[in-house]
2 protein chains.
Amino acid sequence: MAASTLTEVARLAGVSPATASRVLNGSARTPGKDIAERVRQAADSLGYIPNAQAQGLAKSSSGLIGLIVHDIADPYFAAIARGVQDAAREQRKMVLLATTGGGPAEEKDAVAAFAARRADSIVIAGSRSCRAEDQEGNAQLAAELDRYCRNGGRVAVVGHPVVGATALEGYHVIEVPNQELAGRLAADLAAGRDGDFVIIGGPEGLYTSDDRIRGFQEGLARAGHGPAEVLRSAFNRSGGYEAGLQLAARIKAAAAGDAAAPKMCIFAVNDVMAIGAAAALRSEGLRIPRDASIAGFDDIETLRDFRPALSTVRLPLEDIGRLATRATRPRPAGEDQDAAPAEAVTGEVTLRRSTEAAAV
Amino acid sequence: MAASTLTEVARLAGVSPATASRVLNGSARTPGKDIAERVRQAADSLGYIPNAQAQGLAKSSSGLIGLIVHDIADPYFAAIARGVQDAAREQRKMVLLATTGGGPAEEKDAVAAFAARRADSIVIAGSRSCRAEDQEGNAQLAAELDRYCRNGGRVAVVGHPVVGATALEGYHVIEVPNQELAGRLAADLAAGRDGDFVIIGGPEGLYTSDDRIRGFQEGLARAGHGPAEVLRSAFNRSGGYEAGLQLAARIKAAAAGDAAAPKMCIFAVNDVMAIGAAAALRSEGLRIPRDASIAGFDDIETLRDFRPALSTVRLPLEDIGRLATRATRPRPAGEDQDAAPAEAVTGEVTLRRSTEAAAV
DNA sequence: AAACAGAGGGAATGCGCTTTCCCAATTCGT
DNA sequence: ACGAATTGGGAAAGCGCATTCCCTCTGTTT
């Protein structure tokens, strides 16, 4: 027993497929009451489920939203995905998921796949990169997006515009004020602190990381501090851990030389890296915040119970996902196309125990 | 400029659409070398992307895998989703995501939506429930799955079979030995411990929770312990937190009466609840493992840096997602249909600091 | 009462692709 | 060397639905 079709429903109801279609999907032309009822009953008794593929083909729109993330198991992306999912439900659409591992080449493939499925819109989360090795991939991704938009697709990208992408109609960027917020975090941390600052950043060229580093340095400068040293590492927990090991050695050496050495303050460009670094310090016998302060960025929900509570910058990740998805929604006719206020994303510096001055 | 079609490619290459189709998707009949090359070049120069909807309609298969989770931002589901995603890539399919919040009614809607999109297979993660309030939803979900399978769809469900679902062809269950593992955990914890055991469980009727509770009690019994008291709460962090508050009060009362009172050992049926409970104890001034032991279940990756390190049962969540997805893969012809060994999922009791006997 | 507008239903077309089915041009057998 | 088997390509028929166009039937206008 194959799935039943509209034609079968129509036959059972004794009407034409056209009529059946009209009643079943609420077209502008509503057939007579009695007929409508007959059709509905027929559909019910057959357990009719419209074939979305056929509908999509006929209407050339699929009711699909494509979401591109680096890794769905990363809580940062998972939180955004939740927002996207939520907004998709509002629009009565389904979300197609693609995880790319972060490379623009894979992202380009994902866009192509979404285009093939005629996804109505695409949300790209995850950091853009301008590393040399990604240059070709970026160009291809930009070209693919370009084509997608030209064919009527709508795109929202979280954070930074795709490198090299021209601002087309239907191309939206949800700006995240990484730089400004990192600056504010630096200012708050710098107040009344005299130790060295060290930044654990991601690979050079990752915009999210670079923006946060730049912002932090600016904040430091405004507070009268010299620039912090920057350690480059992988943009994940183990990157943070490795950098943390290096710093632990350094801290211990400093403490050995001078027991009253000022405390180091570590800023990891995201929470997951910060947790990794904290784990590394701990494994070396150091305690936070007694031996060093540490701060992260994102305020990942799952990590809030971590002790010592991590100072960080709260980002409304779920809202970001929601906003991005909404940005791709076609404006109802009459609504000004450019009137979209593109609600600004704001974050909030959240100081917790991991950067408290008082020793344990 | 609308997306180019096969027909356009064919025209440009000077061949028929049939031929173009044959070369572009590697059908059994491979056209001549020179023609193939011409077609490929034409496709390239037009930037042709096949319309997956049309392909799906013609082939009646969509290359889609539907994934149903309660909440994609929950690290448990996120980890499974990663495995699913990975296996989907192996099969060159894309994954459609549906988050349901846990209700069978929503799950039924998701199955219907997947069926409408003609998803090749569906993976259902998340706990089954046999609560009275879910009875109707379960029946509907079972019926929907039934229909889906009958129409050739393949389903894999993680953990428990859907309540009321008949074992159809194409219906797979990835068994997770929750009960056995919980028993082993109990046995390990009970060894040389004389304090009371308390279980923080999810709502009654949630199979995952109930199985773990039952297993734990059995393990306790085998070790010569009496059954543990069971506290019911929500199956998430805040459920664990609330239960933790109750227990904290109790622990403090006991300590007040008798300073050498034996230490309570808490088993929360999943890690997230355990973390919540631990947070509650801490907020009440209690320390783990000094004032109480606590253990969870799942071994969520993001939570591994939590201190005190949480004793738990390691579940290969990503593998589970992968296995479930693979189970829905149609066997290559010739391979025995039932020969699928349905690789068993195994877990591992992982004792860490949170249940160490020695006080801090 | 005749002419007209409008409503409601059906036939037919097309969305883009796959896949028989069919036909012409080969190659092979003996 | 001639018919048979095979190869390689095209024409055409759907896949399941939305939608345009057309027709008929009813209700309205002068």
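What you see is a predicted model; the values in this text were computed from it and never measured. Letters go in sequence order (proteins before strands), and every chain restarts at 1.
- We find that B:R326 and B:E90 are joined by a salt bridge, their nearest charged nitrogen and carboxylate oxygen being less than 4.0 Å apart.
- In this model, the phosphate group of D:dG9 is not approached by any side-chain N or O of B:S16 to a distance below 4.0 Å at OP1 or OP2.
- A:F77 and A:H70 have tilted rings, their planes meeting at an angle from 30° to 60° on a 0 to 90° scale.
- A salt bridge does not link A:R11 to A:E8: none of the charged nitrogens lies less than 4.0 Å from a carboxylate oxygen.
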Each nucleotide N or O in nucleotides 15-17 of chain C that has a protein N or O under 3.5 Å away: list the pair and distance.
unit_1, atom_1, unit_2, atom_2, d
C:dC17, OP1, B:Y48, OH, 2.4
C:dC17, OP1, B:N51, N, 3.4
C:dC17, OP2, B:L6, N, 2.2

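- Going from atom CD of A:E8 over to atom C1' of D:dC15 covers 13 Å, rounded to whole Å.
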Report task. Please test B:D134 against B:S129 for side-chain hydrogen bond (donor to acceptor under 3.5 Å, both in side chains), starting from the C-alpha separation and ending with a verdict. Result -> CA-CA 7 Å; B:D134 288 333; B:S129 141; 2.6 Å; yes
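- No N or O donor and acceptor, one from the side chain of B:R22 and one from the base of D:dG8, sit under 3.5 Å apart.
- Here the P atom of nucleotide C:dG9 and the CG atom of A:L24 are 14 Å apart, to the nearest Å.
- Between B:R154 and B:D120 there is no salt bridge, since no side-chain N of the basic residue sits under 4.0 Å from a carboxylate O of the acidic one.
- Residues satisfying the salt bridge (Lys or Arg N to Asp or Glu O under 4.0 Å) test with A:E318, not counting sequence neighbours, are A:R82, A:R322.
- Between B:A18 and A:A20, the residue anchored closer to the 5' end of DNA chain D is B:A18, taking for each the nucleotide with the nearest heavy atom.
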